[in-house]
Protein chains: 2
Amino acid sequence: MDTPTARPATLDDVAQAAGVSRATASRVLGGYGFASPAARDRVTSAADRLGYVPNTTARALVRGAGVRLVVAVAGTDAAILDDPYVDRVVSAAARLCAPHGVGVALEWLPLSSPARLRRLGDDRSVCGVLLINTTERMLDAVPATLRGRVASIGIGSAAVPAFDVDNAAGSDAVLRHLHANGRRRIVMVTGPRWLSCAERSVTVYQALMRSAGLPVRLVTGDFTAARGGRAAMEALTRWPDTDAIYAASDTTALGAIAALRGRGIRVPHDVAVAGFDDIPYAAVSSPALTTATHPVAGIATAAATAVLEGRRVPPVTAFPSALVARESA
Amino acid sequence: MDTPTARPATLDDVAQAAGVSRATASRVLGGYGFASPAARDRVTSAADRLGYVPNTTARALVRGAGVRLVVAVAGTDAAILDDPYVDRVVSAAARLCAPHGVGVALEWLPLSSPARLRRLGDDRSVCGVLLINTTERMLDAVPATLRGRVASIGIGSAAVPAFDVDNAAGSDAVLRHLHANGRRRIVMVTGPRWLSCAERSVTVYQALMRSAGLPVRLVTGDFTAARGGRAAMEALTRWPDTDAIYAASDTTALGAIAALRGRGIRVPHDVAVAGFDDIPYAAVSSPALTTATHPVAGIATAAATAVLEGRRVPPVTAFPSALVARESA
DNA sequence: GCTTGCCGTGAGAGCGCTCCCAGGTATGGG
DNA sequence: CCCATACCTGGGAGCGCTCTCACGGCAAGC
């Protein structure tokens with residue numbers, strides 16, 4: 001940091017200042033190959049004297065490595081990107097990528113648009129792809145060029161490892177809790193029906209209701225609070241004897257609670273409401289929301305790590321989901 | 001996309017396939033300089049026949065452009081990164097950056113560690129820096145090398161343009177609303193006191209209380225719900241006649257409401273509670289939260305745009321904040 | 001016919017870095 | 001004393017791209 005040159009120091013500057021060749025400087029700073037202690041010393045001291053910061057871009061170019069991790073969210077429209085869940089994933093990935101000199105890009109993947117995925121595979125600046133909300137069809141469109149550097153948060157395939165919360169276990173726990181508390185007319189407000197990973201909860205719900213001889217009552221939601229409110233109203237209109245609502249997300253559940261309250265329906269006295277995700281606000285809502293945990297940050301970190309390190313991972317990694325019984329159910 | 005070669009096509013491949021030089025291909029695909037319609041045609045058709053995707057890394061290297069936008073969050077410890085507000089900013093930035101071939105990295109900036117900022121300025125792979133939660137001292141440490149490609153979400157300086165919500169206006173609106181509703185013993189639960197941009201709300205609060213001849217009652221918070229709950233309890237212990245709590249964030253307010261409810265204190269009947277941010281859950285909490293809007297995504301997008309395009313921007317861009325009167329106050 | 005100018009083109013020099021490879025210098029064994 | 005075997009070093013090619021520069025061709029003007 002002695003001569004405050006306009007342009008930042010390059011490896012050549014360091015090598016010259018240390019009186020060695022660029023190759024030697026690279027070996028020392030890159031931490032590979034041989035280098036005498038003397039050379040090592042002079043290079044490192046020259047490097048921090050000049051305030052040398054390696055140019056990740058050049059390094060990536062020569063190594064053939066990418067510099068961007070693309071988080072691609074499948075959905076019917078770009079509004080899918082406006083979602084706290086997506087925010088959380090992107091943020092966790094961005095945090096993990098920082099020390100690797102990698103940045104995160106976020107984009108919408110129109111449902112069934114394989115071309116975009118192919119481009120991603122051919123883009124040498126992309127070191128990996130994190131898929132969110134994928135469908136089976138979309139997974140089939142993942143090109144071979146992406147193999148080993150793609151992961152899915154949700155469902156996976158033979159070529160795409162999956163990372164997700166154990167939806168089935170969480171839903172099962174919540175529904176059994178509802179049942180144990182005497183609820184029998186349980187309506188489920190689902191996520192978008194095209195969303196494969198969310199369908200698992202639905203399957204569990206259906207199986208459980210059928211085996212208990214209870215009616216299957218489904219209302220389609222979209223994970224938003226507004227939709228959750230409307231879904232709750234719809235449910236009560238169609239089935240006035242409803243005594244519990246199981247929402248596929250906390251946001252939906254919170255919306256449902258607000259709507260019920262607006263109609264003078266007491267939660268959980270008249271209708272119990274349970275969600276899924278255990279978002280921070282679940283604990284402070286009133287009544288406090290009964291839900292199942294969803295370790296989003298952990299899932300995102302694991303998926304991003306797998307993609308970043310290109311390590312072989314099991315085809316499916318399920319993160320446990322535990323019941324959090326609070327007041328609403 | 002005819003020969004599915006193992007390695008993705010390069011500009012040379014395209015040039016060769018089109019029967020032109022790399023320079024011509026670059027001119028056509030880069031959209032600059034002259035090129036005959038014939039050449040233009042052959043190059044573009046060859047490009048999409050081969051499924052050519054430009055290598056952003058190489059382009060950035062030769063252009064001297066960066067490939068990463070670093071979101072640096074100042075704070076006492078790395079836990080500051082676990083925050084929906086940060087998530088939101090990162091996500092908005094990542095979305096904006098995607099089409100530019102830029103990725104977002106997220107890192108913690110320990111309070112008063114200028115070295116990290118200097119490194120960021122000397123890092124050629126960094127195209128810009130978005131500062132969050134900066135202090136005056138931190139802004140002084142921003143190196144000249146970062147000039148023109150740094151922005152602050154919060155307070156700014158001569159060298160660092162600021163983008164922030166109009167904290168003062170929002171706080172003013174909320175407090176006047178509280179006052180208009182007859183509240184006189186108003187406690188403010190602040191953000192972290194070292195956080196300069198949050199101090200503006202405090203200043204407004206103090207000024208308003210003094211001019212109205214009301215007592216100034218401050219409890220320090222940290223924007224979290226847990227802290228909000230404890231702060232509310234503390235406030236009631238110290239000042240049992242409290243009739244309103246103004247929290248510097250919705251999360252804090254929600255925590256306060258939960259804690260009050262736990263103590264059997266009715267909101268807003270006994271104590272009114274207002275927040276700031278208008279997060280999605282504010283609308284569905286019970287009682288629905290009275291608050292002031294905080295267009296985080298808009299702010300982040302504007303700041304990221306300024307950094308990305310390197311355009312000259314006014315030293316301060318204030319985003320309006322409007323009162324949202326709901327039930328809690 | 002020859003200059004003037006302009007458009008279109010390709011050669012080639014890098015951007016900053018990694019890493020292969022050839023060469024060089026100590027050290028040890030025969 | 002010589003050669004094998006380390007260890008160390010620098011030259012240099014090249015990652016994929018942009019962009020300057022010089023050159024060839026062609027129409028217009030004298």
Side-chain angles (χ1 to χ4, degrees), chain A residues 5-44 46-47 50-68 100-102 122-127, chain B residues 5-44 46-47 50-68 100-102 122-127:
Chain A
T5 33
R7 65 161 187 62
T10 68
L11 189 58
D12 274 305
D13 298 331
V14 174
Q16 204 167 341
V20 298
S21 72
R22 185 176 60 240
T24 300
S26 178
R27 266 188 297 260
V28 172
L29 265 13
Y32 59 94
F34 299 107
S36 64
R40 197 169 292 277
D41 219 55
R42 294 165 63 194
V43 170
T44 48
L50 296 175
Y52 171 69
V53 180
N55 184 339
T56 319
T57 312
R59 179 175 290 176
L61 177 62
V62 61
R63 285 200 181 152
V67 294
R68 285 188 304 154
H100 294 79
V102 170
D122 287 339
D123 191 332
R124 299 173 116 102
S125 72
V126 171
C127 65
Chain B
T5 33
R7 66 158 187 64
T10 68
L11 188 58
D12 273 306
D13 298 331
V14 174
Q16 204 167 342
V20 299
S21 73
R22 185 177 60 239
T24 300
S26 178
R27 266 189 296 259
V28 172
L29 265 14
Y32 60 94
F34 299 107
S36 63
R40 198 169 290 278
D41 218 53
R42 295 164 62 194
V43 170
T44 47
L50 296 174
Y52 171 70
V53 181
N55 184 338
T56 319
T57 312
R59 179 175 290 176
L61 178 61
V62 62
R63 285 202 181 149
V67 294
R68 284 188 305 154
H100 294 81
V102 171
D122 287 339
D123 191 333
R124 298 173 116 103
S125 72
V126 171
C127 66

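Residue numbering restarts at 1 for every chain, and letters A, B, ... go by the order of the sequence lines.
Between Pro8(A) and Asp13(A), the shortest heavy-atom distance links the atoms O-OD2, 4.2 Å. Nearest heavy atom pair, residue Val20(A) against residue Val43(A), reads CG2-CG2, 3.7 Å. The minimum heavy-atom distance between Val28(B) and Ala35(B), with the atom names listed, is CG2-CB, 3.8 Å. For the residue pair Thr24(B) and Ala39(B), the shortest heavy atom distance occurs at CG2-CB, 4.2 Å. Annotation for Asp122(B) and Gly51(A): closest pair OD2-O, 3.6 Å, computed over non-hydrogen atoms. Closest approach of Ala25(A) to Ala15(A), counting heavy atoms only: CB-CB, 4.0 Å.
Judged as a side chain to side chain contact (heavy atoms under 4.5 Å, CB included), and not counting sequence neighbours, the contacts of Arg59(B) are Pro54(B), Arg63(B). Here Arg124(B) pairs with nothing under the side chain to side chain donor-acceptor pair (under 3.5 Å) rule; sequence neighbours left out.
In this structure, CG in Asp12(A) is found 5.0 Å from CZ in Arg22(A), a value given to the nearest 0.5 Å. Atom CZ of Arg68(A) and atom CZ of Arg68(B) lie 13.5 Å apart (nearest 0.5 Å). With rounding to the nearest 0.5 Å, the separation of OH in Tyr52(B) from CG in Asp123(A) is 10.0 Å. Separating the CZ atom in Arg27(A) from the OG atom in Ser21(A) is a distance of 6.0 Å, to the nearest 0.5 Å.
Taking atom CG on Leu29(A) and atom P on dT18(C), their separation rounds to 8 Å, with Å as the unit. Taking atom CG of residue Asp41(B) and atom P of nucleotide dG8(C), one finds them 14 Å apart after rounding to whole Å. Distance Arg27(A) CZ to dC8(D) P: 10 Å, rounded to the nearest Å. Summarising the geometry, the separation between CZ on Phe34(B) and P on dC19(D) is reported as 15 Å, rounded to the nearest angstrom.
Taking 4.0 angstrom as the limit, Ser21(B) places none of its side-chain polar atoms (N or O) nearer than this to OP1 or OP2 of dA11(C). For the pair Thr24(A) and dT9(D), the criterion of a side-chain N or O lying under 4.0 Å from OP1 or OP2 is not met. One finds no side-chain N or O of Ser26(B) lying less than 4.0 angstrom from the OP1 or OP2 phosphate oxygen of dC17(D). Contact annotation: Ser36(B) side-chain N/O to dG8(C) OP1/OP2 distance is not under 4.0 Å.
In the helix from dG1(C)-dC30(D) to dG30(C)-dC1(D), the end axes, each obtained as the rotation axis mapping the C1' atoms of four pairs onto the next four within a five-pair block, lie 60° apart to the nearest 10 degrees.
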Close N/O contacts between protein and nucleotides 24-26 of chain C (under 3.5 Å):
none

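Proximity of residues 53-65 of chain B to DNA chain C (heavy atom under 4.0 angstrom from any strand atom) is restricted to Leu61(B), Val62(B). Listed by residue number, the members of residues 10-20 of chain B with any heavy atom below 4.0 angstrom from DNA chain C are Val20(B).
Arg124(B) comes within 4.0 angstrom of sugar-phosphate atoms only, judged by non-hydrogen atoms across all strands, and of no base.
Counting distance only, with no hydrogens placed and no angle test, the side-chain atoms of Arg22(A) and the base atoms of dT18(C) include a donor-acceptor pair under 3.5 Å. Evaluation of atom-type donor-acceptor distances gives no pair under 3.5 Å for the side chain of Arg40(B) against the base of dG8(C). Remark: the Arg7(A) side chain and the dG16(C) base include no donor-acceptor N/O pair separated by less than 3.5 Å.
Taking only side-chain atoms of Ala35(B), from C-beta outward, the nucleotide of dG10(C), dT9(C), dC20(C) with the closest atom is dT9(C).
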Can you check side chain to side chain contact (heavy atoms under 4.5 Å, CB included) on Thr57(A) and Val67(A), steps first, answer last? CA-CA 7 Å; Thr57(A) 312; Val67(A) 294; 5.6 Å; no
